[in-house]
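Inspection log for the structure reproduced underneath, given as structure tokens.
Whatever order the structure lists them in is the order used to number ligands and atoms, beginning at 1. All figures in this text were calculated on a predicted structure; none of them were measured in a lab.
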Amino acid sequence: MKKSTVLVCGGAGYIGSHTSVELVNAGYGVVIADNFSNSEMAAVEGVRRITGVDVPFVEVDCCDREAFRKVFEQYEFDSVIHFAASKAVGESVQKPMLYYRNNLTSLMNIIDLMREFGRRNIVFSSSCTVYGEPDKQPVTEQTPRKPATSPYGNTKQISEDMLRDSVAAYDGLKSIALRYFNPIGAHPSALIGELPRGVPQNLVPYITQTAAGIRECLSVFGDDYPTPDGSCIRDYIDVVDLAKAHVAAISRMVENKSEERYEIFNIGTGRGVSVLELVHKFEEVNHLKLNYKIAPRRAGDIVAIWADPSRANQVLGWKAERSLDETLAAAWAWEKHVRGIK
Ligand code: UD1
């Protein structure tokens, strides 16, 4: 029997498409809504091919309330996952209003429409960026948030607060915010993955595009940080594992496993990996040499952050399972698929 249905806003995007697959695999109905601002129809087709299910898709901008209302009128769903947001930290500094308008209007519309139509559960894509530069590693959900250092980070903090306050005020609503660490990799089928437009800002797409010969050379931003090899440390989480965390969050709310109506979970591996370690691991796993050089530090980067994921492990019953080797092999398989490399 089909479990309840989930509206996946931004379901054609990188994390949204992987989550749609895992929801279908777990027996949930899925409706994908996306405006293709940073994604392609091919991702929806990938989800359909992997699952063998003709997942319904609506092209809509979640910021356009009247158009978005029609999705609520047309489909029955109990839950919404909100991925439909912009995520480039640097761009958010250049174009703050684009980020505030896009990321906050979409969430406000979702909350208002959920209330209007009596839909109950919302999972929100938050980020470890809310912790800023932490004083202590690893970070738990109790680690204090620091003032945001970018408009992007600020939209994540404001969105978390908006959800906390809405849940407190409106009886019918429940929410889980997932604070992702650094999502990387691709589906093992190589049918969906990350598809950045233009020059990639994130490390792994830059690595795979360099390996594919599209970029000449990877710049490692800084080797003079106070870390063992001098490069920054992050917690790289496989996108399929991350997708499964959303399924766990949805089932926690749909099956009323908790009395809590607003909860936060760190979604990471618990392991810190440096930029240079990641580069060398990528070379080793995929048997290739990467052209890279040490470059100056990138403005705004923090030295190190990794998760304490115990709460997600114990309470959500979720754990990162895929090894870094598998993840980096999948990232390269996806890049080769996109570029037609044998
Ligand atoms: C940032 C945000 C995160 C957001 C994510 C998505 C912070 C602290 N983190 O992650 O919230 O969800 O972007 O866009 O704001 N690097 C290189 N060379 C490159 C690219 C990156 O050396 O060409 C290094 C960076 O200096 C960093 C690491 O790789 O140390 C990871 O960078 P990146 O993939 O951009 O992610 P974050 O900046 O950690």
Side-chain angles (χ1 to χ4, degrees), residues 10 13-16 38 83 85-94 99 102-103 124-134 137 139 143 145-157 159-160 177-185 194-211 214-239 242 266-269 272-282 290-307 324 327-328 331:
Y14 174 43
I15 306 171
N38 190 25
F83 295 108
S86 307
K87 60 149 204 173
V89 177
E91 184 188 45
S92 81
V93 176
Q94 305 301 321
Y99 274 68
N102 190 18
N103 293 7
F124 175 67
S125 305
S126 191
S127 165
C128 67
T129 197
V130 301
Y131 298 114
E133 177 92 67
Q137 306 287 356
V139 292
T143 300
R145 291 190 333 193
K146 294 256 178 86
T149 52
S150 71
Y152 160 79
N154 206 15
T155 67
K156 293 298 175 194
Q157 297 199 352
S159 297
E160 285 190 353
L178 300 179
R179 289 179 177 162
Y180 314 154
F181 283 67
N182 286 56
I184 62 165
E194 192 169 8
L195 242 174
R197 289 192 178 155
V199 182
Q201 305 299 309
N202 296 112
L203 179 60
V204 169
Y206 209 106
I207 289 178
T208 57
Q209 289 197 10
T210 305
I214 295 157
R215 308 287 154 203
E216 208 180 307
C217 182
L218 167 78
S219 293
V220 171
F221 297 138
D223 70 345
D224 55 354
Y225 284 102
T227 60
D229 66 19
S231 64
C232 294
I233 294 177
R234 297 289 184 273
D235 183 334
Y236 294 95
I237 172 80
D238 185 279
V239 69
L242 174 59
N266 281 344
I267 305 297
T269 65
V273 173
S274 78
V275 175
L276 286 169
E277 275 175 318
L278 195 88
V279 167
H280 295 138
K281 195 61 153 169
F282 182 86
L290 201 68
N291 197 16
Y292 74 88
K293 61 169 194 257
I294 305 298
R297 294 179 176 193
R298 181 171 72 176
D301 271 342
I302 59 166
V303 181
I305 185 163
W306 66 93
L324 191 55
T327 304
L328 293 174

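- Looking at residues two or more places apart in sequence or on another chain, you find no ring-ring contact (aromatic ring centres under 6.0 Å, His included) involving F221.
- Without hydrogens or angle criteria, K146 side chain to E133 main chain gives a donor-acceptor distance under 3.5 Å.
- Counting only distance, with no hydrogens or angles, the side chain of Q157 and the backbone of V130 share a donor-acceptor pair below 3.5 Å.
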One line per pair, note the atom names and distance for all nitrogen or oxygen contacts under 3.5 Å between ligand 1 and the protein.
unit_1	atom_1	unit_2	atom_2	d
ligand 1	11 (O)	S127	OG	2.7
ligand 1	12 (O)	Y152	OH	2.9
ligand 1	14 (O)	K87	O	3.0
ligand 1	14 (O)	N202	ND2	3.2
ligand 1	15 (O)	T129	OG1	3.2
ligand 1	18 (N)	S219	O	2.7
ligand 1	22 (O)	S219	O	3.3
ligand 1	22 (O)	F221	N	2.9
ligand 1	26 (O)	D301	OD2	2.5
ligand 1	32 (O)	R298	NH2	3.4
ligand 1	34 (O)	N202	ND2	3.2
ligand 1	34 (O)	L203	N	2.9
ligand 1	35 (O)	Q201	O	3.4
ligand 1	35 (O)	N202	ND2	3.2
ligand 1	35 (O)	R298	NH1	3.4
ligand 1	35 (O)	R298	NH2	2.9
ligand 1	36 (O)	N182	ND2	3.2
ligand 1	38 (O)	R298	NH2	2.9
ligand 1	39 (O)	N182	ND2	2.9
ligand 1	39 (O)	R234	NE	2.6

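- For T269, the side chain to side chain donor-acceptor pair (under 3.5 Å) partners two or more places apart in sequence, or in a different chain, are D235.
- For Y99 (side chain) and V93 (main-chain N/O), no donor-acceptor pair under 3.5 Å exists by modelled atom type.
- Legend: residues meeting side chain to side chain donor-acceptor pair (under 3.5 Å) with T227, ordered by chain and number and at least two apart, are absent.
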